Amino acid sequence: MMILGIESSCDETAASVVENGDRILSNVVASQVLTHEKYGGVVPELASREHLKRIVPVVEEACKQAGIGLADVNAIAVTEGPGLIGSLLVGLVYGKALAFALAKPLIGVNHIEGHIHSVLLQNKMDLRNGRETEAARLPAVALVVSGGHTNLFLVGSNSRIEDGKAGMFTYTRLGQTRDDAAGEALDKIAKLLALGYPGGPVIDSLARFGNSHAVRFSRIRMKDNPLDFSFSGLKTAALHRIRGSPLDSEAGNRRAWRKSAGRATLEEVRARCSSATLDLVASFQHAVITDLVERTLAATDNHDVQSIFVCGGVACNSLLRELFHKAAKSRALKVFFPSLALSTDNAAMIAAAGYFHLQAGHTSDASLTAHASFPLGAGEG
């Protein structure tokens, strides 16, 4: 059974063909980094226009790489939210049109659910390819962390995922950010320091050259739900350290240099960063990542689970992976990540999630619409 997945929730136009929910036949992603780089962030109107330009060739290329025609797919899965409404509409309307023209089932997929399925998809491919890993088992605590989302879920299933015929998965929200997403906080500090775009990967690379304990950031304490996140306080603390300090004028010089130099390599940026800037970057990243890891581990303790899924764009962060693997080893937990390619936005995860919806008989009709806000699952309690 071949599912065509379409993803356009933010600034990547993506299409993928996935067979039986666990074999990627193609996975095409058209990035818009160059379009948004000079603005230091995603411009929604420009993102929508780029999706309009790219959606048809991206889907055609996905089918070409899979060695099939559009008529050969068994269903079409498309992201319905959450995301930028204009971006979502491009992929969703195109997917609806294809489903109607081809008389194929249409499946609306929650973008966050797709990220969770990227872990299961990766795990199944690793097992099939003989890589040294264990089968991912449910229930599990899932951390979905990116530039737009920071959520903790308890993930369960109505049947075994090992049999390949699982029914609908169940999602219980354990925690979520009350302000900035973790990736958003990293991006904003990178922009403030004129380090480059996208900021999260740049900070991850530069942090290796700084002292992560040089700048002290207070531990984040949450009232009511200790599994919720908040990064606005960390961001404000970093802002106060930068504004009016030598770091501020250094960032201004770097900003002027970047404007005249255009694109720059990591080494060129690093050469224009003082040790104080590198220490701040490393300390800020450490504070954000440590908070993510600690709250996720607390969730596993609260719910007595042995598996952790980590997914979303920030799952590419090297410190996040390092700290989770260390914690898993010391606590006898199993932690699962998707590959770097499946961590960032892609359509393979949408197709994989769509497969299980189709198996459970859950499809959408012509009333399917896009949702800028689209919570996954129910809150705990």
Side-chain angles (χ1 to χ4, degrees), residues 9 21 79-83 108-123 136-161 166-184 222 224-231 289 291-315 317 320-321 324 327-328 331 333-338 342-346 349-350 352-354 356-357 360 362 371 373-381:
S9 64
T79 302
E80 59 177 308
V109 175
N110 187 302
H111 178 79
I112 296 174
E113 181 184 17
H115 275 303
I116 293 172
H117 276 270
S118 71
V119 178
L120 297 170
L121 174 60
Q122 184 69 58
N123 182 249
R137 299 184 183 278
L138 299 180
V141 167
L143 171 67
V144 183
V145 56
S146 66
H149 314 286
T150 303
N151 305 88
L152 277 172
F153 295 94
L154 180 65
V155 184
S157 177
N158 295 328
S159 59
R160 296 187 310 126
I161 60 176
M168 291 305 299
F169 289 74
T170 61
Y171 308 98
T172 303
R173 289 195 309 276
L174 305 178
Q176 59 191 352
T177 183
R178 297 185 186 179
D179 40 61
D180 293 343
E184 181 184 7
M222 304 299 295
D224 300 325
N225 184 4
L227 298 182
D228 276 351
F229 301 91
S230 173
F231 299 106
I289 298 303
D291 190 72
L292 292 170
V293 174
E294 288 180 349
R295 293 188 200 280
T296 304
L297 293 175
T300 65
D301 292 339
N302 292 353
H303 294 275
D304 193 28
V305 301
Q306 302 302 312
S307 298
I308 297 174
F309 298 170
V310 186
C311 49
V314 180
N317 184 276
L320 185 73
R321 291 184 176 236
F324 262 120
R331 288 167 166 253
L333 296 170
K334 302 299 180 184
V335 61
F336 299 90
F337 285 84
L342 291 182
S343 295
T344 53
D345 288 354
N346 65 89
M349 67 185 194
I350 302 302
F356 289 103
H357 280 273
H362 292 188
H371 308 275
S373 176
F374 196 43
L376 176 65
E380 189 176 26

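Here, residue 1 is the first one in the sequence, and each next residue gets the next number. As the structure is a computational prediction, the values presented were derived from the model and not from experiment.
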Can you tell me how far apart [atom1] ([X]) and [atom2] ([Y]) are? Round to the nearest 0.5 Å.
{"X": "Ile308", "Y": "Phe337", "atom1": "CD1", "atom2": "CZ", "result": "8.5 Å"}
{"X": "Asp345", "Y": "Ser9", "atom1": "CG", "atom2": "OG", "result": "4.5 Å"}
{"X": "Asn317", "Y": "Ile289", "atom1": "CG", "atom2": "CD1", "result": "4.0 Å"}
{"X": "Thr296", "Y": "Leu320", "atom1": "OG1", "atom2": "CG", "result": "8.0 Å"}
{"X": "Cys311", "Y": "Leu120", "atom1": "SG", "atom2": "CG", "result": "9.0 Å"}

Pairwise side-chain contact, [X] with [Y], heavy-atom cut-off 4.5 Å (strictly under):
{"X": "Leu138", "Y": "Ser307", "result": "no"}
{"X": "Phe309", "Y": "Asn123", "result": "no"}
{"X": "Leu376", "Y": "Asn151", "result": "no"}
{"X": "Glu80", "Y": "His371", "result": "yes"}
{"X": "Pro338", "Y": "Met349", "result": "no"}
{"X": "Tyr171", "Y": "Ile112", "result": "no"}
{"X": "Asn110", "Y": "Pro375", "result": "no"}
{"X": "Leu143", "Y": "Leu152", "result": "yes"}

Original post:
What pairs of residues pass the salt bridge (charged side-chain N to carboxylate O under 4.0 Å, His left out) test when at least one of them lies in residues 111-120, not counting sequence neighbours?
Top reply: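 Non-adjacent pairs meeting salt bridge (charged side-chain N to carboxylate O under 4.0 Å, His left out): zero.
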I'd like to know if the side chain of [X] reaches the main chain of [Y], judged simply by a donor and an acceptor atom lying under 3.5 Å from each other, with no hydrogens or angles considered.
{"X": "Arg178", "Y": "Ser230", "value": "no"}
{"X": "Thr150", "Y": "Ala182", "value": "yes"}
{"X": "Asp228", "Y": "Thr177", "value": "no"}
{"X": "Thr79", "Y": "Gly81", "value": "no"}

Shortest non-hydrogen contact from [X] toward [Y]:
{"X": "Gly313", "Y": "Ser146", "result": "N-CB, 3.7 Å"}
{"X": "Val109", "Y": "Gly114", "result": "CG1-N, 4.4 Å"}
{"X": "Met222", "Y": "Phe229", "result": "CE-O, 3.9 Å"}
{"X": "Phe336", "Y": "Ala136", "result": "CZ-CA, 3.7 Å"}
{"X": "Ala352", "Y": "Gly21", "result": "CB-O, 4.0 Å"}
{"X": "Ser157", "Y": "Thr170", "result": "N-OG1, 3.8 Å"}

Not counting sequence neighbours, which residues clear salt bridge (charged side-chain N to carboxylate O under 4.0 Å, His left out) with [X]? List them please.
{"X": "Asp291", "answer": "Arg295"}
{"X": "Asp224", "answer": "none"}
{"X": "Glu184", "answer": "Lys188"}

Original post:
Who passes side-chain contact (heavy atoms from CB on, under 4.5 Å) against His303, sequence neighbours left out?
Top reply: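 For His303, the residues satisfying side-chain contact (heavy atoms from CB on, under 4.5 Å) (neighbours in sequence not counted) are Leu154, Leu174, Val305, Glu380.
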Subject >> Pairing residues for Pro226 by the side-chain contact (heavy atoms from CB on, under 4.5 Å) criterion, not counting sequence neighbours >> reply: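 So Pro226 forms no side-chain contact (heavy atoms from CB on, under 4.5 Å) with any residue.
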Original post:
Do Val119 and Val310 pass the side-chain contact (heavy atoms from CB on, under 4.5 Å) test, and can you show the C-alpha distance, the side-chain angles, and the key distance before you say yes or no?
Top reply: CA-CA 7 Å; Val119 178; Val310 186; over 6 Å; no
Original post:
Where does the angle between the aromatic ring planes of His117 and Phe169 fall among parallel (under 30°), tilted (30 to 60°) and perpendicular (over 60°)?
Top reply: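 The arrangement is perpendicular - the two ring planes meet at more than 60°.
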Original post:
What class does the angle between the rings of His111 and His115 fall in, given that below 30° is parallel, 30 to 60° is tilted and above 60° is perpendicular?
Top reply: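 Perpendicular, since the angle between the ring planes exceeds 60°.
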